[in-house]
Amino acid sequence: MDYLVEGFTKAIDLLINGDASTWTAIWATLKVSTCSMALSLGAGLPCGFLIGYFDFKGKRHLRTLVDTLLSLPTVFIGLIVYAFITHRGPLGEFEFLFTLTGIAIGQTILAFPIITALTATTVESIDKELKLTLVSLGAGKRNILITCLWEVRYGILAAAVTAYGRVMTEVGISMMVGGNIKYHTRTITTAIALETNKGQFADGIALGLVLILIAFIVNLSLSFLRKQ
Amino acid sequence: MDYLVEGFTKAIDLLINGDASTWTAIWATLKVSTCSMALSLGAGLPCGFLIGYFDFKGKRHLRTLVDTLLSLPTVFIGLIVYAFITHRGPLGEFEFLFTLTGIAIGQTILAFPIITALTATTVESIDKELKLTLVSLGAGKRNILITCLWEVRYGILAAAVTAYGRVMTEVGISMMVGGNIKYHTRTITTAIALETNKGQFADGIALGLVLILIAFIVNLSLSFLRKQ
Amino acid sequence: QAENKSLMMATTTSTDGTGLLDYLIPYFTKETGIELKWTATGTGKALALGQNCDVDVLLVHAPPAEAKYIKNGYGKDRRQIMYNDFVIIGPKEDPAAIKGKKISDALAEIRNKKAVFVSRGDDSGTHKKEKLLWKSTDKPMPDKESWYLQVGKGMQATINVCENKKGYTMTDRGSYIKYQSQKDNNAPLTILVEGDGILLNQYSVITLDPDNCPNAKYELALKFSSWMASKNAQNLIKDFRLLKQKLFIPNAE
Amino acid sequence: MQTNIIYHLKNIRHYYEKTAVLDIDELDITKGSITGLIGSNGSGKTTLLKLLAFALRPTHGDIFYKGKKEVCFSPSVRSKVTLLTQTPYLLKRTVFENIVYGLNIRKDKTNIEERVKTALLNVGLDYQRFALRKWHQLSGGEAQRVAMAARLILKPEVLLLDEPVANVDSQSAKLIRKATLNARDQWGATLVVASHDLQWLYSISDRQLSVSNGNIFATGFENIIQGPFEKTDKSIVIKKLKDGQVITLKKPKKVSNTAIIKKNHLFFNLEEPINKSLDNQLSGQVVSMLLGEKSGHVLININIQDLPFTIRLVPDQVSRLELYPGKKVILKFSSADVEWT
Amino acid sequence: MQTNIIYHLKNIRHYYEKTAVLDIDELDITKGSITGLIGSNGSGKTTLLKLLAFALRPTHGDIFYKGKKEVCFSPSVRSKVTLLTQTPYLLKRTVFENIVYGLNIRKDKTNIEERVKTALLNVGLDYQRFALRKWHQLSGGEAQRVAMAARLILKPEVLLLDEPVANVDSQSAKLIRKATLNARDQWGATLVVASHDLQWLYSISDRQLSVSNGNIFATGFENIIQGPFEKTDKSIVIKKLKDGQVITLKKPKKVSNTAIIKKNHLFFNLEEPINKSLDNQLSGQVVSMLLGEKSGHVLININIQDLPFTIRLVPDQVSRLELYPGKKVILKFSSADVEWT
Ligand SMILES: Nc1ncnc2c1ncn2[C@@H]1O[C@H](COP(=O)(O)OP(=O)(O)OP(=O)(O)O)[C@@H](O)[C@H]1O
Ligand SMILES: Nc1ncnc2c1ncn2[C@@H]1O[C@H](COP(=O)(O)OP(=O)(O)OP(=O)(O)O)[C@@H](O)[C@H]1O
Ligand SMILES: [Mg+2]
Ligand SMILES: [Mg+2]
């Protein structure tokens with residue numbers, strides 16, 4: 001119990017005079033999550049839109065597939081990515097293994113289905129009248145995409161926030177692909193896992209609080225996009 | 001690379017003549033995830049509805065808070081729960097530690113914000129006319145809750161599916177609270193983590209595929225709730 | 001009744017990962033009728049679990065930490081059960097040319113050559129031992145050096161990183177054998193330094209101090225620790241083979 | 001007497017954000033009456049109906065229902081007052097489920113199917129064709145009528161209808177009219193109806209209220225002249241029409257932008273002059289003549305330029321005056337007979 | 001000649017799922033014309049307009065636009081044809097942004113503000129009051145008019161209006177009428193307008209099409225008698241009215257449920273008889289008389305029971321016949337003059 005309190009004080013201590021390792025971990029986390037979010041949004045929004053906006057046969061099966069991808073275990077993704085980027089693997093020469101890039105790739109795979117599934121659902125809820133209106137106002141395919149996503153912006157925002165939470169907190173990929181190398185590929189979450197394994201629960205809590213603080217700041221800035 | 005193929009064959013093998021430990025792991029996973037989903041839906045849907053349906057001051061801040069909770073790292077949750085249910089902890093006497101119940105508690109905490117946040121967003125998108133119509137038809141508060149959720153059922157479904165994916169694939173809580181005890185609290189994901197740690201990548205992949213298969217079956221049955 | 005006939009143990013990944021427990025415990029249960037469950041974690045967490053009375057008995061390998069643990073009154077009657085030994089492994093090419101050297105010289109070489117060295121860096125028994133070895137080179141513990149990678153992972157994962165980084169690392173023999181077997185015996189990493197006395201890796205059973213943890217099943221724990229020390233169990237340990245190779249050498253008094 | 005006043009509104013002021021949209025000092029609605037709301041877009045009809053439905057809380061003022069002050073969700077109004085919204089919303093279900101929704105809420109399960117049949121019939125929809133349609137498989141007017149049926153089936157004490165016949169064809173409008181009157185006669189429902197189809201509204205309502213930017217005059221079909229007006233001297237204001245004709249009006253006491261001229265103060269050139277200075281003489285044209293189906297009166301709409309005037313006559317008056325659409329007429333009234341709001 | 005036909009529909013059949021809702025063998029719409037669509041709810045007006053807007057693909061048949069067969073999204077129609085939907089949808093933005101949306105798509109940036117001002121003015125909304133309102137801060141009619149403005153500002157070749165004046169007050173209806181005519185006169189727009197407000201529609205359209213369950217007759221304001229009919233002998237069918245009056249009609253060649261009687265085949269009892277057996281003599285009542293503002297004709301609506309008939313006369317005919325709302329009249333026509341669809 002008491003280590004919760006201890007962890008709290010430690011968290012403050014970390015932030016005020018945090019050691020290099022903490023800062024590098026924070027930095028790594030930010031870099032990786034930002035990158036993977038950018039990628040997964042770039043890919044997921046259009047896919048989600050297409051699935052949600054148009055009616056085509058096999059649509060429901062596609063949805064089922066995407067929903068299933070929501071249940072990809074991070075370690076599993078880690079293993080897959082590892083298989084490709086290990087020195088023996090087909091992409092070995094790029095030397096993505098034990099790099100933040102590698103982690104970002106994995107996390108993109110993790111976030112993509114979330115963005116896609118939630119975007120599709122939100123877009124599906126769009127009023128038939130809107131589609132009609134856009135077409136009748138002479139909107140082209142691109143206009144329609146952008147306008148529709150903007151009309152359901154709060155849904156999209158929710159999708160992004162959810163995916164962000166998933167990416168920020170995942171351990172499996174960072175461990176497997178990043179290697180949790182101190183000062184290099186150690187992220188906050190892998191650090192937490194490590195400290196916990198060491199039995200340094202207080203430090204685990206402290207790092208956890210730091211992570212949550214970061215998430216809070218991000219969400220706070222996003223919340224200004226919300227309906228006033 | 002080759003362990004991917006090997007893992008695939010192993011997965012089939014596991015399912016056909018799987019050993020006891022696999023089956024117990026599958027069983028444990030199903031029990032725990034079902035239980036935590038039930039709890040988090042029971043709590044999350046009403047909360048999400050209240051946040052989404054009504055306008056009150058501080059609403060945006062509440063949303064930000066919930067969104068932040070989406071970024072709770074599983075290990076962190078694990079530590080918190082552990083702090084309470086350890087023998088030294090306030091809930092020590094219930095002996096939840098190293099039990100599936102303990103895991104379920106943690107996973108509920110994990111899924112709750114997802115359900116709440118996504119439900120709130122979906123409910124917020126509800127047409128003002130609907131609210132007016134319901135009131136004017138003499139709907140009571142309970143009717144309104146149920147009808148509104150039903151009106152946006154696809155959004156709710158998406159929320160549930162997303163949370164389910166999160167719960168199915170989390171490792172941190174199961175490890176910390178469950179202790180990954182063979183035949184007892186070992187879930188598929190902790191098993192994957194273990195195998196991977198042992199360097200048995202093929203087995204990791206195999207178990208991962210089993211997990212995904214389960215998720216697929218669940219989503220397939222859900223997909224019949226979908227719009228035809 | 002069966003309820004209090006069951007025992008909860010916290011142990012280290014190596015005992016579980018090598019499959020020793022899966023091999024050994026059924027015998028224990030058969031002979032004593034006591035069901036034993038175990039959770040395998042880092043030594044540090046294992047000790048912490050003991051300290052919080054969440055388990056009844058510990059099987060760990062970090063003598064200095066154990067001593068401190070007992071001194072703090074968390075644990076009681078530590079009993080040596082067995083040991084295996086650590087080895088330094090590295091690429092066949094052996095860039096730092098440490099093959100056959102004394103351990104301290106070998107590490108010194110690695111430091112001079114700035115050859116990649118991969119460390120568990122997780123405060124596990126193995127990691128504690130490694131730090132001990134670096135101390136024996138009477139140079140400051142490497143930390144930020146670019147060639148010194150602290151991965152904070154289990155042994156297999158660490159070896160894995162080591163292979164990919166073409167570096168050196170210290171591992172317990174068991175883990176190495178397991179790794180070797182996966183590469184069906186043409187592994188890029190081979191044993192370069194071994195057999196040094198300081199490399200021994202002592203496993204002990206520790207029962208919790210009933211004064212600290214009244215709820216812990218002290219009696220059963222004692223039963224377990226004495227069974228592990230018994231002739232019978234020791235023989236079983238002696239006969240335990242992982243891929244036809246001895247792993248643990250029993251040494252209970 | 002008091003007992004059969006079902007609604008009593010007192011000092012109602014309603015604001016959206018800062019803008020005032022409703023300002024009613026006092027308004028009574030008697031039980032079993034049919035009240036028509038007339039008013040230009042944005043005058044406040046919908047807002048008023050929402051208030052009456054207790055679906056919206058007025059910024060200031062109280063609404064008394066059967067003498068008791070009521071608010072949202074209070075059980076004594078909840079299942080008694082029902083509102084047909086301007087753009088009807090259908091639940092994402094079949095037509096049948098939409099219509100029975102209200103009944104389910106009321107736990108009313110007695111021969112549902114029969115009642116749905118009649119409810120649909122009352123709005124001119126065929127049970128066989130429509131009952132099992134999905135909400136999105138309806139045309140605009142059909143949806144409107146389904147929503148209407150969903151209200152009628154509840155047999156509510158108070159039925160508030162917001163544009164019930166917009167998007168509805170004339171045949172169906174007749175049916176809805178019948179259903180509306182029926183509601184009053186059968187179970188003594190009180191109705192308040194907002195509509196832009198004056199003829200239709202006139203044909204069902206026994207009293208008309210005109211709503212003009214938030215104000216209400218308990219006098220239907222009066223002739224409202226909206227500003228701006230030009231001040232000339234202290235005593236009068238004038239409004240110039242495009243063709244140069246000028247309307248002169250007695251200056252209002254308090255500032256006002258809305259002038260009312262009562263029907264009985266309007267006269268035709270064709271009528272015999274009476275001892276009164278009719279200083280306004282405006283030439284215009286009869287554009288339409290409508291038979292008020294309930295009263296048997298004829299509504300005569302006259303355009304002075306694009307300023308609409310309405311006069312109410314009995315048929316033989318009309319024939320005596322030999323009025324017909326397209327006929328040029330002169331309207332006279334005294335600048336003193338103006339009333340300001 | 002061929003050149004100024006802008007729409008040519010050929011063998012159009014449209015089905016929703018299995019139910020046929022539109023069945024047009026051939027239909028031409030000439031450039032710069034204003035076509036009015038009349039028809040009961042569910043007759044297919046909206047569907048037709050969606051087809052003309054290329055927002056919906058007909059199940060069978062082709063639509064030719066300026067002689068070329070066109071489909072959805074083809075650039076030659078995309079920015080030229082625009083549709084005002086029956087329930088206008090406003091983007092979740094300010095009124096201003098809603099109105100300029102179409103312009104932005106067209107990358108048209110020249111003095112936007114001015115044009116928005118005029119567009120709003122054309123539908124009777126004040127720029128200052130409304131431009132910065134959010135989409136949900138509008139009344140029903142205001143929203144409708146904003147949507148209208150968003151279409152007008154595009155100055156499209158073809159303007160398709162689905163119930164543009166439902167929910168709109170009479171003043172604004174006049175404005176929209178003006179704007180509509182203006183669109184034709186100013187930039188030669190072609191318009192197709194569906195509305196239930198016959199008087200209004202009549203006042204703007206130079207040609208009316210009645211749509212009756214999926215069929216179209218290029219003859220507006222004819223009198224349509226819907227079945228069921230009773231067969232008596234081989235040669236005729238009859239329809240009994242509530243009050244016992246009977247309509248007799250020549251039997252249709254192919255089965256049909258919709259009979260049409262042309263205006264010029266209808267006669268009043270008051271008119272001098274002509275050498276023709278007018279075997280139908282139905283007594284009814286004049287309910288309304290409307291001045292067709294464009295043609296100068298007067299539309300006279302007569303109810304035989306609740307069967308509506310319309311006759312078109314010139315004003316002095318009306319005065320000669322001394323018609324007025326409420327007057328009892330007898331309608332005569334020959335059973336041979338019926339046409340079946
Ligand atoms: N949510 C809102 N926020 C701000 N102003 C609003 C809002 N809703 C309506 N208004 C304004 O309030 C006034 C009254 O609106 P209301 O809907 O009552 O008019 P109405 O009489 O129903 O008009 P219509 O005939 O078009 O339905 C209008 O000027 C409108 O612009
Ligand atoms: N999505 C749909 N699925 C099935 N049937 C439909 C669908 N939409 C419309 N219909 C049917 O098609 C017919 C024509 O509809 P349409 O909207 O064109 O009628 P309308 O003439 O516009 O009627 P209104 O005057 O009420 O607008 C109606 O009978 C309607 O029930
Ligand atoms: Mg309104
Ligand atoms: Mg329509």
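Throughout, protein chains are lettered first and strands after them, A, B, ... in sequence-line order, and every chain is numbered starting at 1. Note that these values count all heavy atoms, side chains included, but never hydrogens, waters or copies made by symmetry.
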**Report entry** Check: C/Thr41/A/Asn197 side-chain N/O donor and acceptor closer than 3.5 Å
**Finding:** no
Honestly, the part of A/Glu195 sitting under 4.5 Å from a heavy atom of chain C is neither
Cut-off 4.5 Å, heavy atoms of chain C, and the answer for A/Ala193 is neither
CD (C/Gln150) and OG (A/Ser21) are apart, to the nearest 0.5 Å, by 9.0 Å
Bottom line for C/Glu163: the part with an atom under 4.5 Å from chain A's heavy atoms is side chain
Item to complete: Indicate yes or no: at least one non-hydrogen side-chain atom of A/Phe201 is less than 4.5 angstrom from one of C/Asn52.
Response: yes
Is it true that atom NZ of C/Lys92 has more than 12 heavy atoms of other residues, nucleotides or ligands lying nearer than 6.0 Å? yes
Any idea which heavy atoms bring [X] and [Y] closest together, and the distance?
{"X": "C/Asp143", "Y": "A/Lys182", "result": "OD1-NZ, 3.6 Å"}
{"X": "C/Asn160", "Y": "A/Tyr82", "result": "OD1-OH, 2.9 Å"}
{"X": "C/Lys165", "Y": "A/Ile181", "result": "CE-CD1, 4.3 Å"}
{"X": "A/Met175", "Y": "C/Lys153", "result": "O-NZ, 2.7 Å"}

Residue from C/Thr158, C/Leu49, C/Val151 scoring the most non-hydrogen pairs under 4.5 Å with chain A is C/Val151
*asked:* When you measure from the side chain of A/Asn180 to the backbone of C/Gly152, do you find a donor-acceptor pair of N or O atoms at a distance under 3.5 Å?
replied: yes
Would a distance-only check, ignoring hydrogens and angles, find a side-chain to backbone donor-acceptor pair under 3.5 Å from A/Lys198 to C/Gly42? no
